[in-house]
Amino acid sequence: MAAEARLPGFPVDRANTTGREPLGDPEEIPELSEVDCPDQLRETIETLMDRYPDKDSSEGYKSAAIPALWAVQRTYGWCTPQGIRQAAAVMRVTPAYLESVASFYDLLRQSPAGNHQVLVCTNISCWMRGADGLLDAFCREAGADRDLAGHGGAVSADGEILVSGFECMGSCDLAPMASIDERYFGPLDEGDAETVIEQLRRGEDPVPAKALSERDLPGGDRESDDERVTSDKGPNR
Amino acid sequence: MSGETVDRAGAVKETRVLLRHAQDPAMATIDGYRSYGGYETLERTLRDQEPDEIVNELEDSGLRGRGGAGFPMGKKVSFLPRGSQAKYLCCNADESEPGAFKDRELIQRNPHQLIEGIVISAFSGEIGHAFIFIRGEYDQQADILDRAVAEAYEAGYLGRNILGSGYDLELVVHRGAGAYICGEETALLDALEGKRGNPRLKPPFPAVQGLYGGPTLINNVETLSNVPHVVANGAEWFRSFGTEQSPGTKVVSISGCVGRPGNYEVELGVNLRDFVFSLGGGMLEGRELKALYPGGSSSPVLTADEIDLPYSFEAMAEAGSMLGSGSIIVADDSVSIPHMALRTARFYHHESCGKCSPCREGTNWTVKMLERVVRGEATPMDLDIISSVQQNIIGHCLCVLGDSMAMPVGAMVKKYREEFEQVIAAGAMQGFPGEAGREAQADGSAAGDPDAGPEAAERVRLVGRPLPEGPQEVTHG
Ligand SMILES: Cc1cc2nc3c(=O)[nH]c(=O)nc-3n(C[C@H](O)[C@H](O)[C@H](O)COP(=O)(O)O)c2cc1C
Ligand code: SF4
Ligand code: FES
C-alpha cells in the first residue's frame, strides 16, 4: 500500500503519510450517543481516566490520552478514525487532539497493522550483529515490502503480519533482536525469521527458546561473597 | 579468544547489591522479595523516621542519578518545597537510549525493590502521587510492574494510610508509546499529562514547577532502586562501594561486538578495559577492539587506546566522554566507523521532537552528509562541514538531544578522520557505490547479491552493506 503524493509533483513523506483522513469534524467534541462506542472500551477509558489526579481539573483531563489510545489500538488493531472519535467522546476532548497525540508516538499505528507485529531493531548494537539481514529475511518470509518496512512498517500481502525496522528497544544483549507481538526474542538468525513467520501463521508461539524471559543473568547465579552485601539489613539478606 | 581475554578473565568481579538474588524468579513476587528482607526498611522508615532524616541520609550517601546526568539524588529531593501541597514523583523507566537495558533487568527481576524505593523517596519528599513512566515497548515489564503494584496495594504498602502511619501514596504505571524524547524529564511530564512529548523550557525546573504545575521529583529506575539499600544500611555503608565522587555499584549494560553481552553489576571505578575483557567476555573470535561508547550512544566514543580508565562519572568526564546511563557499546575492527556514525545520527534525527532548529535541521543534515560519505559521494570538505554542524548544535538547543548526537558524531569524525578520508578517497577513485554500483544493479548484473565482486567487497570492508536507494531510512522507535 504505497502512499501517493496528495499534490502532483510533491514528494511523498513515506514516514508519515498514510492516506488517513479523520472522520467527521475533528475540531468538535463528538457526543457519546453519536459514536457507537462499545461498552467495554468506554469502561476501560473511564477507569484509566480515574487513575490521574487531573480528573477533577477545570482544563479537562487529558492524562489518560496515551493509555486511551492504547485501548483503542487493542480494540481495533490500530488507531482507527472511528476509535479515535469514540475515545474523544469518552474523554471529552476533540478527535484532532487525540490525532495529534497518536501521530507523535511510533507504537500508536494510524494505518492497519495486521494481526501480528514484528519489530526488528536496526540500531547500533543490533546492526553490528546482523540486523539488516534479519530485517531483509523477515520481509522476504512474510512477503512484506522491504522499502516500506524501513520507513515505518509494511504489512504482508495477506494483511496478516506487520514487519517494521525499529530503533533500539532496550535489549541489545539479545542482538540482533526483534519484538514479536510485544515480546522480545533474540539473538535471531535469518533461519529464525522463516520459523517465526511460519509459527505466527499457524498460530503458534514463536521461537520460545529465544524469548527474553528464558534468559539468565549473563554472570550466572554466582552471588557476591562480599561481606558488605550480605548484611541482614533491608533487602540485602 | 584473543590472548587479552584470557589474561584478563576474572579481573573484574560482580558486586551484586541491586541484582542480589535476582536470579531467583521468586524475587519478582512480593513474598519472595519479603523473604529476603524486602519492605522491612519501609516499615522501619515509616515507623521511626522523619522525612528530613532520610533526605540527609540520601545526601550524605552521595548517590548520583543513574539515568544520564549523574545529579546527586539527595540534593534533588532537598530542592522540593516542604509541606503538604500537591507534589509528584515520576520514576523514569523510559530507557530508550541505544545501548541501555539495565532498567529492563531491574524491573523484570526485582520490581518490588523499585516500588519500595519509590515509597521511601516519596515519603522523604512528602509526596502524595507517584508515577512510573515506562516505555511502551516494555510491555512485558509493564505487565510485571502492574502485577507488583497491585500486590503492594494489597499488602498495604501503597494507598491510604500506609502501614497505619497516616501517610498516603498513590502509584500509577503509565505506559509510553514509543518516543525516545519522553525520557527527557520535562518531555516525560508532558507525555504524562497526555500531550505530545515535547521538552519544556527550563527554568522553572521540575522541582519547582513540574507535573500539573506542582513540584516534581524525577529519578531513574536504578537510582530509586538504590534507595532502600541506602536507607537500610546508611550513607557510610553506601560510600564503601565505588569511588569518592561516584559511590555505589552500577548495573552496567554491555553490548555490541563482545563475547558475553548483558547486564553486570559492579562497583563504580572498576577498570573499563578489564570490564570489557573479563565480564564482557572480550572480543569475538579473531577480532580486535576498535572503539566503544562508554555511556550509551550519546557518549563520545573512546578509541581502543583510551580505555585504561576507572569506570566512574569523573574519570569518563575527564577523558572527554561520559558515564551517562552506564551502557557500553563495543565496536571491533569489522565495524565501519562512518557507518556507525550514520546509524547514530539517524536515531537522533528520527527522535528529534523538532522544537528547535539546530537539533531538527542539524540532525537531518548530518544524516544526509554521512549518507553521502557512506555512499561514496562525499568530498573531504564535507568532513569539516559535518564537524562544524556538530559544534553549532552543542549548547544551542532546548534539551540535550541535539548534543547527544553532536557529541558522539563529532568525536567519531575527529578521532577517526583518517578512516573517513579513506572512505571518501575510495569512493571518489572508484565511483562506488554511487554510480558504478547503481548501474550494475540497474542492469541486473549484480542483482540479488549487491555484495558480489571485488569492488563491492572493498566497499563493504570500508562502509558495510550498501545503503538502499532513495530517501534515508526512517525506522521507528
Ligand atoms: C533526550 C533525553 C533522553 C533521556 N532518556 C532518559 C531515559 O530513558 N531514562 C532516564 O532515566 N533518564 C533519561 N534522561 C535523563 C532525564 O532527563 C533525567 O535527567 C533523569 O531521568 C533524572 O533521573 P536521575 O537523576 O535519577 O538520573 C534523558 C535525557 C534526555 C535529554
Ligand atoms: S534539542 Fe531536539 S529534541 Fe530537544 S527540544 Fe530541541 S528539537 Fe526537541
Ligand atoms: S540496539 Fe537493538 S535492542 Fe538496542
Side-chain angles (χ1 to χ4, degrees), chain A residues 14-15 51-54 57 62-67 69-70 100-101 104-108 122-125 127-128 132 147 150-153 164-173 175 179 182-184 212-213 216-224 226 228-229 231-237, chain B residues 14-17 19-20 22-23 36-38 40-41 95-96 98-101 104 113 129 136-140 172 175-179 191-194 196-197 212 228-229 232-233 237 240 255-257 260-262 264 279 297 329 331 335 340 343-344 347 350 465 468 473-477:
Chain A
R14 281 180 293 179
R51 305 192 307 170
Y52 295 90
D54 65 348
S57 126
K62 294 178 173 165
S63 289
I66 296 171
L69 287 164
W70 271 121
S100 82
V101 173
F104 189 86
Y105 297 99
D106 291 339
L107 290 175
L108 297 172
T122 55
N123 213 302
I124 306 171
S125 296
W127 161 69
M128 287 175 179
D132 287 353
D147 190 37
H151 291 87
S164 176
F166 222 80
E167 298 297 4
C168 176
M169 282 180 270
S171 279
C172 326
D173 48 344
S179 164
E182 304 197 75
R183 290 293 176 270
Y184 286 0
L212 168 65
S213 46
D216 288 334
L217 280 175
D221 53 12
R222 190 167 24 86
E223 289 292 345
S224 313
D226 192 321
R228 293 169 297 174
V229 299
S231 78
D232 57 0
K233 283 199 203 129
N236 292 322
R237 199 177 286 156
Chain B
E14 279 196 82
T15 308
R16 288 197 193 152
V17 176
L19 288 179
R20 187 161 164 76
Q23 193 83 356
Y36 291 116
E40 280 172 18
T41 314
E95 188 161 73
S96 306
F101 46 90
R104 180 204 79 201
Q113 172 175 266
H129 275 280
E137 290 85 351
Y138 282 176
D139 185 66
Q140 186 171 20
V172 172
R175 296 173 196 222
L192 256 174
E193 290 178 7
R196 296 163 66 91
Y212 309 121
H229 299 275
N233 298 285
W237 169 86
S240 75
S255 66
C257 310
R260 278 197 306 160
Y264 300 91
L279 289 176
S297 65
I329 309 173
V335 172
M340 188 163 89
R343 288 280 150 163
T344 309
F347 171 75
H350 175 63
R465 282 168 32 120
E473 296 219 323
V474 188
T475 46
H476 275 183

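Throughout, protein chains are lettered first and strands after them, A, B, ... in sequence-line order, and every chain is numbered starting at 1. Nothing here was measured: the structure is a model prediction, and the numbers come from that model.
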Nearest heavy-atom neighbours spanning [X] and [Y]:
X: A:Asp173; Y: B:Ser255; value: N-CB, 4.4 Å
X: B:Cys257; Y: A:Met128; value: SG-SD, 3.8 Å
X: B:Tyr138; Y: A:Met169; value: CE2-O, 3.3 Å
X: B:Gly256; Y: A:Ser125; value: N-OG, 3.8 Å
X: A:Ser63; Y: B:Tyr212; value: OG-OH, 2.5 Å
X: B:Ala177; Y: A:Ile66; value: CB-CG2, 3.9 Å

Are the side chain of A:Arg228 and the backbone of B:Ser240 linked by a donor-acceptor contact shorter than 3.5 Å?
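Yes, the answer is positive, given that a donor and an acceptor are paired below the 3.5 Å cut-off.
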Highest number of heavy-atom pairs under 4.5 Å with chain B among A:Leu217, A:Leu212, A:Asp221 belongs to A:Leu217
Go through A:Ser213, A:Ala65, A:Ser100 and name the one with the most non-hydrogen pairs under 4.5 angstrom from chain B.
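Among the listed options, the one with the most contacts to chain B is A:Ser100.
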What part of A:Ser179 gets closer than 4.5 Å to chain B, counting heavy atoms only: side chain, backbone, both or neither?
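Neither part, no heavy atoms under 4.5 Å.
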A:Asp226 versus chain B, the contacting section by heavy-atom distance below 4.5 Å
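For A:Asp226, side-chain heavy atoms alone lie under 4.5 Å from chain B.
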Look up atom CG in B:Asp139 and atom CH2 in A:Trp70, then write down how far apart they are to the nearest 0.5 Å.
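Between atom CG of B:Asp139 and atom CH2 of A:Trp70 there are 7.0 Å.
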Could you measure the distance from the CZ atom of B:Arg343 to the CG atom of A:Asp132? Nearest 0.5 Å is fine.
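B:Arg343 CZ to A:Asp132 CG: 4.0 Å, rounded to 0.5 Å.
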Does [X] reach the side chain of [Y], with side-chain heavy atoms less than 4.5 Å apart?
X: A:Val229; Y: B:Arg16; result: no
X: B:Glu193; Y: A:Tyr52; result: no
X: A:Leu107; Y: B:Arg175; result: no
X: A:Cys168; Y: B:Phe101; result: no

In terms of heavy-atom pairs under 4.5 Å, which option from [options] contacts chain A the most?
options: B:Gly197, B:Ser96, B:Ser297, B:Gly99; result: B:Gly197
options: B:Glu14, B:Glu95, B:Arg196; result: B:Arg196
options: B:Leu279, B:Asn233, B:Thr41, B:Val335; result: B:Asn233

Establish, from distance only, whether the side-chain atoms of A:Ser171 and B:Arg104 form a donor-acceptor pair under 3.5 Å.
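Result is yes, a qualifying pair exists.
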The salt bridge (charged side-chain N to carboxylate O under 4.0 Å, His left out) partners of B:Arg260 (sequence neighbours excluded) come to none
